[in-house]
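Scroll down for the structure; my scribbles are underneath it.
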Number of protein chains: 2
Amino acid sequence: MDIKILLVEDEPSIRDMLAMLLEQVGFIVQGVPDVQMAERCLKDNAPSIILLDWMLPGISGVEWCRRLKRDKSYSDIPVILVSARSEEEDKVRGLDVGADDYICKPFSPKELVARIRAVLRRSAAPENTERIEQKGIVLSLDEHRLKIDDTVVALSPTEYRLLEFFMTHPDKVYSRGQLLDHVWGRSTYIEERTVDVHIRRLRKILARFQREELVQTVRGFGYRFSLQGE
Amino acid sequence: MDIKILLVEDEPSIRDMLAMLLEQVGFIVQGVPDVQMAERCLKDNAPSIILLDWMLPGISGVEWCRRLKRDKSYSDIPVILVSARSEEEDKVRGLDVGADDYICKPFSPKELVARIRAVLRRSAAPENTERIEQKGIVLSLDEHRLKIDDTVVALSPTEYRLLEFFMTHPDKVYSRGQLLDHVWGRSTYIEERTVDVHIRRLRKILARFQREELVQTVRGFGYRFSLQGE
DNA sequence: AGGTGGTGTCACGGAACTGTAACAATCGAC
DNA sequence: GTCGATTGTTACAGTTCCGTGACACCACCT
């Protein structure tokens with residue numbers, strides 16, 4: 001899961017330093033010096049979060065933040081305001097422009113990273129409160145628990161995701177590549193044969209409850225989770 | 001049904017801004033600069049909720065909150081404490097004093113409104129009594145006390161809040177990040193692994209009463225407080 | 001000042017998980 | 001039936017994840 005940060009900071013030395021720091025932690029950083037450039041990146045790159053300097057030449061960061069948050073199409077991108085001044089008035093004004101967090105220079109790298117993670121964590125994840133039931137197999141997503149015939153069954157994370165995907169997409173054939181995309185996530189590079197092994201592991205578990213036939217092989221294409229027998 | 005907010009904040013600019021913000025959302029706001037004025041409003045207006053600045057001239061917000069919560073006739077009015085960043089560490093004390101929630105400047109308007117609604121919803125719900133009981137474990141919320149098998153057990157504030165959260169949200173998996181949000185509060189930036197340590201401490205206490213299995217690890221996702229065994 | 005309890009962080013080690021290779025079994029076309 | 005292609009199965013090593021104890025720091029109390 002790639003996280004793209006749009007870093008808006010006019011002072012080149014600071015910008016570069018921050019970019020380096022953030023890339024080192026694993027983020028993908030696009031650094032720009034002003035709001036004009038930032039707006040272009042916004043459309044092209046769809047950043048996950050914006051790190052925005054308070055003071056900027058031309059349109060200030062605060063002002064841009066306010067506009068962003070008013071704009072329906074961008075208001076859900078979290079913004080962290082970065083301020084040089086550490087004084088009261090900033091905090092006060094920080095309130096009403098809709099920034100999701102606020103950090104004052106000087107700050108420690110650790111604090112910055114932690115705050116970015118916290119903001120991202122918060123803005124993501126509307127709570128998942130579903131419950132899938134098929135053939136006596138009950139997957140309750142919020143409890144993260146699998147029950148077959150009223151018996152609790154332990155699953156490894158991958159097995160769980162694989163089964164979840166199958167149960168939400170029954171009776172349809174998926175190639176190994178598609179399964180990798182959906183269960184492992186797009187940007188992973190894994191041997192397709194690995195899917196076979198996980199299918200095997202899942203089957204082994206289902207076999208304990210005479211549900212082996214649910215996961216079917218479609219030779220030459222992939223696998224299918226079939227509710228109607230055969 | 002109109003919701004009346006009593007806003008206690010000494011700094012006029014902040015007070016006005018908050019008042020405007022809240023009125024815009026549809027609340028009725030009465031803003032006052034200190035505790036003396038606040039007490040008068042309390043009697044005249046019967047506010048639905050109090051938004052209380054931490055630092056106030058004369059009697060501090062914290063102190064007043066403590067008194068309010070001791071006073072039977074007012075203890076059921078919910079209080080949200082508002083604190084400047086520098087006082088962030090005092091969060092624990094804030095909740096110990098009986099405040100229903102706590103929010104740090106700077107915060108987004110969205111967050112503030114969300115918290116007000118959440119607190120109101122919570123205090124309106126009749127199910128939120130001052131007592132939670134599960135499996136022989138009794139949390140008396142008003143006393144901040146824990147009893148297991150009729151034995152009083154000492155808990156640190158964090159342990160208490162963690163257990164309280166678990167007991168009010170049983171059988172559901174929470175990631176470390178979600179636990180940080182709910183138990184430590186948003187606007188904290190703490191290492192996620194710290195959650196592990198507190199889980200460990202809580203388990204250690206529960207183990208003294210053969211309740212270890214209540215707190216379960218869900219590998220790759222988080223933790224769960226499970227009432228149904230296994 | 002010194003003591004105490006609470007808290008966040010770190011480092012270490014062990015356990016669980018997972019990808020891969022290697023081999024066995026099966027299928028389908030001829 | 002034979003043969004190549006495809007899939008099933010197993011073992012194993014590398015990696016990730018989690019539990020645990022230790023420790024430093026801070027607020028508070030005496």
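Reminder, nothing fancy here: chain letters follow the sequence lines and each chain counts from 1.
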Using a cut-off of 6.0 Å, state whether more than 12 heavy atoms not belonging to B:Phe221 lie near its atom CZ.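 Check passes, neighbour count above 12.
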Which comes earlier along DNA chain C counting from the 5' end, the contact point of B:Ser156 or that of B:Arg219, where each point is its nearest nucleotide?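 Residue closer to the 5' terminus by nearest nucleotide: B:Ser156.
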Would you indicate what B:Thr194 reaches in the nucleic acid, counting non-hydrogen atoms under 4.0 angstrom: base, sugar-phosphate, or nothing?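 B:Thr194: base contact, heavy atoms under 4.0 Å.
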If you look at every strand shown and take non-hydrogen atoms under 4.0 Å, does A:Tyr160 touch a base, only sugar-phosphate, or nothing? nothing
Look only at the side chain of A:Ser48 and the backbone of A:Ile3, and say whether a donor-acceptor pair between them is shorter than 3.5 Å.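 Absent.
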Using the side-chain heavy atoms of B:Arg193, tell me which of these nucleotides is nearest: D:dT9, D:dG19, C:dT7. D:dG19
Testing A:Ile28, A:Ile80, A:Ile50, A:Ile116 one by one against A:Ile5 for a side chain to side chain contact (heavy atoms under 4.5 Å, CB included), which residue passes? A:Ile116
With A:Leu52 as reference, evaluate A:Val82, A:Leu81, A:Leu6 under the side chain to side chain contact (heavy atoms under 4.5 Å, CB included) test and give the passing residue.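 Considering A:Val82, A:Leu81, A:Leu6, a side chain to side chain contact (heavy atoms under 4.5 Å, CB included) with A:Leu52 is found only for A:Leu81.
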5′-ward residue of the pair B:Ile199/A:Val197 relative to DNA chain D: A:Val197
Identify, between A:Thr217 and B:Gly220, the residue whose nearest nucleotide on DNA chain D lies closer to the 5' end. A:Thr217
[N] OP1/OP2 closer than 4.0 Å to side-chain N/O of [X]:
| X | N | value |
| --- | --- | --- |
| A:Tyr223 | D:dG8 | yes |
| A:Thr158 | C:dC17 | no |
| A:Trp184 | C:dG19 | yes |
| A:His198 | C:dG19 | yes |

Nearest-Å distance for atom pair [atom1]/[atom2], residues [X] and [N]:
| X | N | atom1 | atom2 | value |
| --- | --- | --- | --- | --- |
| A:Asp196 | D:dT6 | CG | P | 12 Å |
| A:Leu162 | C:dG19 | CG | C1' | 15 Å |
| A:Ile190 | D:dG14 | CD1 | P | 18 Å |
| A:Glu212 | D:dT9 | CD | P | 8 Å |
| B:Glu192 | D:dT16 | CD | P | 17 Å |
| A:Leu202 | D:dG8 | CG | P | 12 Å |
| B:Glu191 | D:dC17 | CD | C1' | 15 Å |
| B:Leu155 | C:dT7 | CG | C1' | 15 Å |

Considering the terminal five base pairs at each end of the helix from C:dA1-D:dT30 to C:dC30-D:dG1, what angle separates the two local helix axes, rounded to 10°? 20°
Salt-bridged, [X] to [Y], with N to O below 4.0 Å?
| X | Y | answer |
| --- | --- | --- |
| A:Asp149 | A:Lys135 | no |
| B:Arg176 | B:Asp196 | yes |
| B:Asp171 | A:Arg145 | yes |

For the base of C:dG19, is there a side-chain donor-acceptor partner from A:Arg201 under 3.5 Å away?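 Between C:dG19 and A:Arg201, which were checked side chain against base, a qualifying N/O pair under 3.5 Å is present.
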Between A:Tyr174 and A:Phe225 (judged by ring centroids, cut-off 6.0 Å), do the two rings come close enough to count as a pair?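 Not close enough - the centres of the two rings lie 6.0 Å or further apart.
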